[in-house]
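Working notes for the structure below.
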Amino acid sequence: MNVSNAQVARLLRDYSAMLVVSGADRFKAKAYRVAAETIESMQTDLATFISSGHDLQELPGVGKAISSVIREILQTGQMPQLENLSSHLDPVLVELASRPGLDSKRVATVYKKLQIGSLAELQERSESGVILEKFGSRMDFHIRQGLANRPRMLIKRADQTAAPIEDFIRSIVGLTRVELTGSLRRRQETIGDLNFLVTGDSARNTFKHFQSYAGVESSEQQGPGRIVCRLTSGTNVTLNWTRPEAWGLNWILTTGSEGHLGDLKRAGDEMEIELTERGLSRRHVKIADERSVYVALKMTFIEPELREGRGEVQAALESRLPDLVRLADIKGDLHMHTTASDGVNTLAEMAASAQEKGYKYVAITDHSRSLKIANGLSEDRLREHILAIDALNSQLKGFTVLKSAEVDILEHGNLDYSDELLQELDLTVCSVHSHFTLSKEQNTERILRAMDNPYFNILGHPTGRLLLKRPGYEIDIDRILTHAKQNGCFLEINSNPNRLDLSGEHAKLAKDLGLKIAINTDAHSIRELDFMPFGINQARRAWLARDDVLNALPVARLKRALRRS
DNA sequence: GCCGTTTTCGGCCCGACTGTTTTCAGTCG
């Protein structure tokens, strides 16, 4: 029996969900979920894995019990435990809980309290505001996400999902070029579908090979040059095929966005150039590379991150697109934690790792005293930390560790340390970590008031959102940006892929006001210093050039920029 | 159910704070 990894993973995942809603041991449920994740991320299919002499128990999260379950699934395609458990549950609950993207525990809570009778009814309750009213914004946000047609994923996860698929496509004999396209190429904050563009061997052969990819559950060919494959994870992967001569045009068309393509087509119309293979070829426009297509439309090349239909086409026509910031422009990272609060690496390790990255400085921003859960530093501990940083600096050459803290903005806008102590720091990153439920007005006032403190420098993760998990607290971004500008304060793009906060739209508003942005990682370990590229993507989506970025400044100029008079 | 182990059972991150469903579940980094 030919059972794919994806099918096995799906059964294990569903079983985990059923365990949760039936109130079974949550650690048992977790064990099945972890096993499903392991199998989803495997490079080889399970049958091959076993036939080449491996034991399933070598896989992390797979022990004696789950390995025998997997073997049975591989032989029969069935999982009796799942069928048995599901048959004892209300079919509606089974349907809701096995929907990818909906958390089974939350679903069970809603189901129980509202006596939901169908998926459609849940949808209706969500749309009519009942979920919001009865459970609050958190639950409402989650249910809406889960009910959306296809689950979205964080960009980091999308990168991880796309990489093995791209490797697989590259291994297809006869293809001469394979590139990522679509929203992931535009580096959007969250990703729905994955898209690739290929050329070389015939579309037919290519598609046939791709369908044998282990994660593919079903597929549908849409016209001669496109196939959409659904993975068991619920993600759709679209493979587009083009002739090499038309590569550039098709890379633009598959990259999108719709808004961008609409603007491009309108620009073409003005010149009586039809933005199709035939239309362009008739005008003898070379369409083998992207740049030629933009040139033919009498505009400068538009980077993928800008292709959102937010005026980039007009700007390209007028040659006034910014030269977007690059990772290499970044001179330092101004937000990170150490073992002093809730980080996993020491001060010295963080500094050494940042130096290896080629940075010239970092700011050490451990949590302030109120954030007890994160082991926030008391005033005395911060004073000791400052001495430790001084000592470290005396040993370093060509690299500066800036004394800083991630200072909580308290409920009424006070900062979490005394001014006497704040004065000892080179800069502050000030963030909201509590009282998320204040009104928009209250939250805005609280932040404005905090900015009136002369030691306030950078507003950390300005909306507190967690992508796909939690909406941010509400703020009046225009008032905050204006106040920051007046007071000489800055805002952060937090590069953590769960946050990416500021959003691209808000960061562009900041740029338009002439306000510099700090692109920081908020790293809690050496490894998380690698989040910087996600922040750079976000900054590029906000049209930021090097001059718009605070931490692209050399250390002396940075210190001047931080000085508030 | 898995893992690690002081090898056979306890832990699976944590612990103070919040805010009402006023007595504990949900939440923050």
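In what follows, every chain begins at residue 1, and chains take the letters A, B, ... in the order their sequences are listed. The figures that follow rest on heavy atoms only: side chains count, while hydrogens, waters and symmetry mates do not.
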### Task
With the side chain of A:Lys372 defined as its heavy atoms from C-beta on, choose the nearest nucleotide among B:dG19, B:dC17, B:dG29.
B:dC17
### Message
Could you walk me through whether A:Met532 and A:Ile519 satisfy the side chain to side chain contact (heavy atoms under 4.5 Å, CB included) test, starting with their C-alpha distance in whole Å, then the side-chain angles of each, then the deciding distance to 0.1 Å, before giving a yes or no?
### Response
CA-CA 7 Å; A:Met532 189 61 83; A:Ile519 309 173; 3.8 Å; yes
### Query
Should the pair A:Asp366-A:Arg381 be classified as a salt bridge under the 4.0 Å nitrogen-to-oxygen rule?
no
### Query
Can you tell me how far C1' of B:dC28 sits from CZ of A:Arg138, to the nearest Å?
9 Å
### Query
Does OP1 or OP2 of B:dG29 have a side-chain N or O of A:Arg470 closer than 4.0 Å?
yes
### Task
Ignoring the backbone of A:Lys113, work out which of B:dT21, B:dA16, B:dT18 is nearest its side chain.
B:dT21
### Among B:dT27, B:dG29, B:dG26, the one nearest A:Lys105 by side-chain distance
B:dG26
### Message
Can you tell me which nucleotide in B:dC2, B:dG19, B:dA16 comes closest to the side chain of A:Ala65?
### Response
B:dC2
### Query
Which nucleotide, B:dG1, B:dG19, B:dG26, lies nearest any side-chain atom of A:His435?
B:dG19
### Message
Does a side-chain N or O of A:Arg499 approach OP1 or OP2 of B:dG29 to a distance below 4.0 Å, or not?
### Response
yes
## Note on the structure
From the candidates B:dG19, B:dC17, B:dG29, the one with an atom nearest any side-chain atom of A:Asp342 is B:dG29
### A:Phe27, nearest nucleotide to its side chain (from B:dC12, B:dT21, B:dG29)
B:dC12
### Query
Now, which nucleotide makes the Watson-Crick or G-U wobble pair with B:dT8, with each of the two distances under 3.5 Å?
none
### A:His524 and A:His367 aromatic ring geometry - parallel, tilted or perpendicular at 30°/60° bounds
tilted
### Task
Starting from the C-alpha separation in whole Å, work towards a yes-or-no answer on salt bridge (charged side-chain N to carboxylate O under 4.0 Å, His left out) for A:Glu40 and A:Arg13.
CA-CA 10 Å; A:Glu40 264 165 8; A:Arg13 200 176 273 284; 2.9 Å; yes
### Message
Roughly how many Å apart are B:dC17 and B:dC13, using the P atom of each and rounding to a whole number?
### Response
22 Å
### Task
Could you tell me the separation between the CD atom of A:Glu406 and the C1' atom of B:dG29, rounded to a whole number of Å?
8 Å
